[in-house]
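Letters A, B, ... are given to chains in the order of the sequence lines, protein chains preceding strands, and every chain is numbered from 1.
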Protein chains: 2
Amino acid sequence: MSEHAKHVVEIGLSAAIVSVVDDSPSVLVVHTNAGDDALPFGPFDPLAHRTLESGLRTWVGEQTYLDLGYVEQLYTFGDRGRHTLNPGENARVVSVGYLALTRQCGESKAPGTLWRGWYRFFPWEDWRDAKPPILDAVITPALARFVAEAPDKASADARRDRVRLCFGGKDSGWDEEKVLERYELLYEAGLIAESARDGRTARDHILPLGDRMMFDHRRILATAIARLRGKMKYRPVVFELMPPAFTLLELQRSVEAISGIRLHKQNFRRLVEDQGLVEGTGKVAAPARGRPAELFRFRREVLRERPSPGVRLARQRAGV
Amino acid sequence: MSEHAKHVVEIGLSAAIVSVVDDSPSVLVVHTNAGDDALPFGPFDPLAHRTLESGLRTWVGEQTYLDLGYVEQLYTFGDRGRHTLNPGENARVVSVGYLALTRQCGESKAPGTLWRGWYRFFPWEDWRDAKPPILDAVITPALARFVAEAPDKASADARRDRVRLCFGGKDSGWDEEKVLERYELLYEAGLIAESARDGRTARDHILPLGDRMMFDHRRILATAIARLRGKMKYRPVVFELMPPAFTLLELQRSVEAISGIRLHKQNFRRLVEDQGLVEGTGKVAAPARGRPAELFRFRREVLRERPSPGVRLARQRAGV
DNA sequence: CCTATATATACTCAAATAGAGCACAAGTGG
DNA sequence: CCACTTGTGCTCTATTTGAGTATATATAGG
């Protein structure tokens with residue numbers, strides 16, 4: 001071994017592979033023996049692959065039979081204690097998280113893997129129907145306790161501000177992009193399963209706040225959701241999740257599914273059409289009920305025309 | 001060695017440490033024997049450090065005697081051929097790039113390091129005085145050749161669109177955030193020194209387009225500039241580069257230095273003050289010439305009040 | 001002292017964008 | 001036909017952004 005042996009680590013690649021099925025944004029998970037879901041992950045072999053991304057595409061293709069369309073690097077995590085199976089074990093794994101989008105859905109063809117709606121892991125992130133009840137019922141009181149338990153006043157103030165910025169307050173509303181900030185706050189407040197697993201808090205402090213995942217995979221998924229929610233607005237990435245032809249309502253439902261909020265229908269259409277993101281096909285969809293809608297397709301040309309084409313979110317006020 | 005030996009790599013941490021001196025955004029570089037500048041970089045020791053960032057902070061502190069304020073991870077590069085010293089050598093280094101901001105400037109106290117204005121590496125990125133002459137003189141004709149040399153029409157169209165999106169065209173203007181896209185285009189078009197070094201193009205194809213750097217460090221720096229130019233707009237990171245008290249013009253000059261464009265003075269002040277980013281100190285600056293300006297300080301409270309406080313760019317039209 | 005010049009700061013005005021809603025069209029199932 | 005559902009066109013207003021005018025306060029030089 002070389003004198004640099006102590007610096008030697010393994011690179012793990014984790015992928016949040018996302019698809020949208022029936023208005024439900026889903027992520028491909030590996031169901032493990034431990035009971036927890038994990039994101040598909042594999043080692044990076046620097047001899048076999050020229051880039052990290054090509055390494056990722058290869059083993060994802062082999063393991064999941066999926067052909068990834070859009071792939072984007074999220075973040076590289078090196079935290080000890082967040083990636084070890086057993087607390088005693090010395091972690092030498094650095095994991096690079098990726099976001100990948102794919103159109104294919106339905107049952108996963110790979111053994112041991114399945115599609116899971118991502119709000120199972122983040123029930124407080126889905127504001128489409130209403131404010132998620134878990135917020136008032138569980139999270140807000142628990143965070144109020146977290147503020148109250150602060151060692152001194154300055155620390156309490158800081159905690160209070162952080163809670164308000166993450167989860168909104170009287171004046172400030174819900175920011176759907178702060179997925180990671182919210183998860184990290186809950187983790188650091190010692191309220192979720194991973195906090196106890198990583199030895200940050202006592203087991204009886206834990207609340208039932210969504211399903212836990214292996215390693216730091218719930219954190220990677222939070223990063224993925226946040227990135228997708230943000231990116232959607234200035235890059236036409238939603239269309240990676242849509243079939244070749246779709247109605248504007250279907251498109252809107254996908255955007256709503258991802259962002260977790262309801263949009264104003266007319267304004268959504270205006271923004272999408274004014275930006276030249278779609279073009280009509282002339283055909284109409286088979287109407288389940290109601291007036292049949294025109295089928296649209298993505299206009300690839302926008303990528304050349306506009307500097308930052310994306311689906312701006314035209315929020316719909318709650319209760320309308 | 002374990003059976004995973006083939007997956008074992010070294011992690012290198014590279015940092016673009018940025019400061020602004022006299023309206024010139026600067027980056028700390030290590031002057032190497034090879035003549036090229038390099039970003040400070042060092043190995044990551046997973047046994048000594050719990051996180052990648054703490055590892056970075058430690059050796060940067062040791063090597064440069066700088067106390068880093070703001071630190072942000074940029075991207076993890078694993079490309080073979082972009083990080084090797086010699087083309088024959090088998091790269092087993094994955095480098096994690098970081099952006100760090102620091103107020104301290106003046107001469108660097110660390111031996112072998114010095115501050116360099118970053119536009120030395122990207123002369124086409126500084127539009128403050130005028131459109132950089134290198135664009136019309138060198139870059140535009142070279143890229144026109146790149147388009148003309150495309151193997152077929154579809155490829156030529158794609159190249160033309162890419163050039164226009166990166167460098168602007170008749171209708172679309174200059175997007176100061178596309179630093180990385182522009183660098184990558186020049187690299188892939190085989191026009192810059194690194195392209196030849198990495199064996200992508202012949203040596204006589206290379207044009208004098210800014211100073212080259214070691215490894216993929218110019219790419220990391222491009223990523224850093226792009227990130228900072230973008231982040232500035234929705235996070236108050238500029239203040240990490242400002243002294244405790246400053247005039248609004250000094251603040252504007254710093255923002256202009258980083259973004260590489262001129263701003264509209266009155267609108268800049270309106271945006272900064274309306275957002276509550278600064279508060280007057282009551283004192284006034286010693287006037288070199290002209291009416292003395294009030295000294296302001298950063299209002300830390302905005303971090304608690306506003307969801308995304310940042311310095312919006314109120315562009316000044318060229319020629320005014 | 002007066003003027004040219006440079007900077008600071010207040011305020012106005014128009015264009016573009018975003019947010020909310022009304023009205024009506026075109027289908028389905030009873 | 002009616003109740004209901006979805007689609008589509010259009011209006012109205014508030015806010016934000018982009019650009020410019022006007023005026024205040026300093027220095028330097030004749």
Side-chain angles (χ1 to χ4, degrees), chain A residues 23 171 173-174 176 233-234 245-253 255-256 259 261-296 306-320, chain B residues 23 171 173-174 176 233-234 245-253 255-256 259 261-296 306-320:
Chain A
D23 298 351
D171 40 302
W174 178 259
E176 78 282 349
K233 294 173 188 163
Y234 61 94
F246 46 83
T247 70
L248 291 183
L249 187 59
E250 286 166 356
L251 181 64
Q252 184 181 339
R253 291 286 176 251
V255 174
E256 290 174 339
S259 63
I261 55 174
R262 283 272 167 243
L263 302 180
H264 184 283
K265 192 198 285 198
Q266 297 92 318
N267 290 347
F268 176 82
R269 300 165 60 80
R270 177 177 63 185
L271 289 172
V272 164
E273 295 200 290
D274 285 2
Q275 284 207 100
L277 283 167
V278 296
E279 61 189 353
T281 62
K283 292 174 197 144
V284 287
R289 346 177 251 299
R291 171 174 168 181
E294 189 177 357
L295 283 169
F296 289 81
R306 292 212 151 229
S308 64
V311 186
R312 302 277 186 286
L313 302 191
R315 279 185 112 106
Q316 173 78 278
R317 229 189 25 205
V320 181
Chain B
D23 297 352
D171 39 303
W174 179 260
E176 78 281 350
K233 294 173 188 164
Y234 59 96
F246 46 82
T247 69
L248 291 184
L249 186 60
E250 285 165 357
L251 180 65
Q252 182 181 340
R253 291 285 176 252
V255 174
E256 289 174 339
S259 63
I261 55 175
R262 283 272 168 245
L263 302 180
H264 184 282
K265 191 198 288 199
Q266 297 91 320
N267 290 347
F268 176 81
R269 302 169 113 273
R270 178 177 62 186
L271 289 172
V272 163
E273 295 200 291
D274 285 2
Q275 284 207 98
L277 283 167
V278 296
E279 61 190 353
T281 61
K283 292 174 196 144
V284 288
R289 353 178 243 301
R291 173 175 167 179
E294 189 176 356
L295 283 170
F296 289 80
R306 293 215 150 225
S308 62
V311 185
R312 303 278 186 286
L313 303 191
R315 280 186 111 104
Q316 173 78 280
R317 229 187 28 203
V320 180

- Message: Do the side chains of B:R253 and B:E250 get close enough for a salt bridge, i.e. N-O under 4.0 angstrom?
- Response: no
- Item | Closest nucleotide among D:dG18, D:dG20, D:dC12 to the A:R270 side chain |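 For A:R270, the side-chain atoms sit closest to D:dC12.
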- Item | Closest listed nucleotide, where the reference is the side chain of B:N267 and the choices are D:dG7, D:dG18, C:dT9 | D:dG18
Within this structure, what is the [atom1]-to-[atom2] distance between [X] and [N], rounded to whole angstrom?
X	N	atom1	atom2	answer
B:D274	D:dG18	CG	P	14 Å
A:L295	D:dG7	CG	C1'	13 Å
B:Y234	D:dT16	OH	C1'	20 Å
A:L271	C:dA16	CG	P	16 Å
B:F268	D:dA19	CZ	C1'	17 Å
B:Q275	D:dT16	CD	C1'	12 Å
A:R269	C:dT17	CZ	P	20 Å
A:F246	D:dG7	CZ	C1'	16 Å

[atom1]-[atom2] distance between [X] and [Y], expressed to the nearest 0.5 angstrom:
X	Y	atom1	atom2	value
B:L271	B:H264	CG	NE2	10.5 Å
B:F246	B:E294	CZ	CD	11.0 Å
B:K265	B:L248	NZ	CG	10.0 Å

- Message: Using side-chain heavy atoms (C-beta onward) and a distance below 4.5 Å, is A:L295 in contact with A:T247?
- Response: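 They are in side-chain contact.
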- Query: Taking the side chain as C-beta and beyond, is there a heavy-atom pair between A:F296 and A:V272 under 4.5 Å?
  - Reply: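 A side-chain contact is absent here, since even the closest heavy-atom pair is not under 4.5 Å.
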- Task: Please work out if B:L248 contacts a base, only the sugar-phosphate, or nothing of the nucleic acid, heavy-atom cut-off 4.0 Å.
- Result: nothing
- Would you check if the side chain of A:Q275 reaches a backbone N or O of A:V311 as a donor-acceptor pair within less than 3.5 Å?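 Answer holds: no.
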- Quick one: is A:K265 getting a side-chain N or O under 4.0 Å of the D:dT6 phosphate, OP1 or OP2? no
- Spell out yes or no: do the side chain of B:Q266 and the base of D:dT21 have one donor N/O and one acceptor N/O closer than 3.5 Å?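 Result: at least one qualifying N/O pair found.
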All N/O contacts under 3.5 Å from nucleotides 24-26 of chain D to the protein, with atom names and distances to one decimal?
from, atom 1, to, atom 2, distance (Å)
D:dA24, N3, B:R291, NH1, 3.1
D:dT25, O2, B:R291, N, 3.3

